[in-house]
Every structure is written in C-alpha cells, then in structure tokens.
Amino acid sequence: NSPATLYLWVRVPDGSPSTTFAEKLLDTAGLLVAPGCGFGGHGEGYFRLSVTCPTEKVELACERLSEVRAF
C-alpha cells in the first residue's frame, strides 16, 4: 500500500464556498477543478486537483494558479 494519491486537496484561499472558487478558476484561469463539497461535508473549503496528466500540463496549471489573485 502506498500513502500517495493522484490528487491534491487545496484549501480555498479566500474563504468562499468551494463551488464559487472552482467557478472562479474556470472563468479566470481556464482551470477545471473539483469543488470539495462534492466529496461530502468535510470537503467544503477545499478544491481537488488531479495530477494524472503529463508534467507539462501540471506545470502550466501551476502557472495559471499563481496568476489568480486569490493566491
């Protein structure tokens, strides 16, 4: 068994609902993330990123995330 996962769970930085923040990322950075509330009550306040794509795409996503003012 490995403690590793294919996803990163990240706290919503501005305190907004996870669905609102996920929409903001899609609208402003073109990033599709999963709002944490979709995974139960303990997921609210977080969003989930998949890191299953090629490294270049993960790096591009990180660049776009850094450009979003909330970070």
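Keep in mind that this is a model prediction, so the values were computed, not measured. The figures that follow rest on heavy atoms only: side chains count, while hydrogens, waters and symmetry mates do not.
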Results of ring pair (Phe, Tyr, Trp, His ring centres under 6.0 Å) for F39 - residues two or more places apart only: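 If we apply the ring pair (Phe, Tyr, Trp, His ring centres under 6.0 Å) test to F39, skipping adjacent residues, the hits are W9.
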L65 with L8, same ILVMFWY side-chain cluster at under 4.5 Å: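 Both belong to a single hydrophobic cluster.
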E44 (side chain) donor-acceptor with P17 (main chain) under 3.5 angstrom: no
Throw together a table of side-chain donor-acceptor distances under 3.5 angstrom for residues 31-38, partners on residues two or more places apart or in other chains.
none

Set of side chain to side chain donor-acceptor pair (under 3.5 Å) partners for S16, sequence neighbours left out: D14
Side chain to side chain donor-acceptor pair (under 3.5 Å) partners for E23, two or more places apart: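 Listed in chain order: nothing, the list is empty.
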For residues 47-54, please give each side-chain donor-acceptor pair under 3.5 Å, one per line with the distance, not counting sequence neighbours.
| residue | atom | partner | partner atom | Å |
| --- | --- | --- | --- | --- |
| S50 | OG | T52 | N | 3.4 |
| S50 | OG | T52 | OG1 | 2.9 |

Expected list for residues 55-62: side-chain donor-acceptor pairs under 3.5 angstrom, two or more places apart:
none

Reported CG-to-CZ distance for the pair L26 and F21, which is rounded to 0.5 angstrom: 12.0 Å
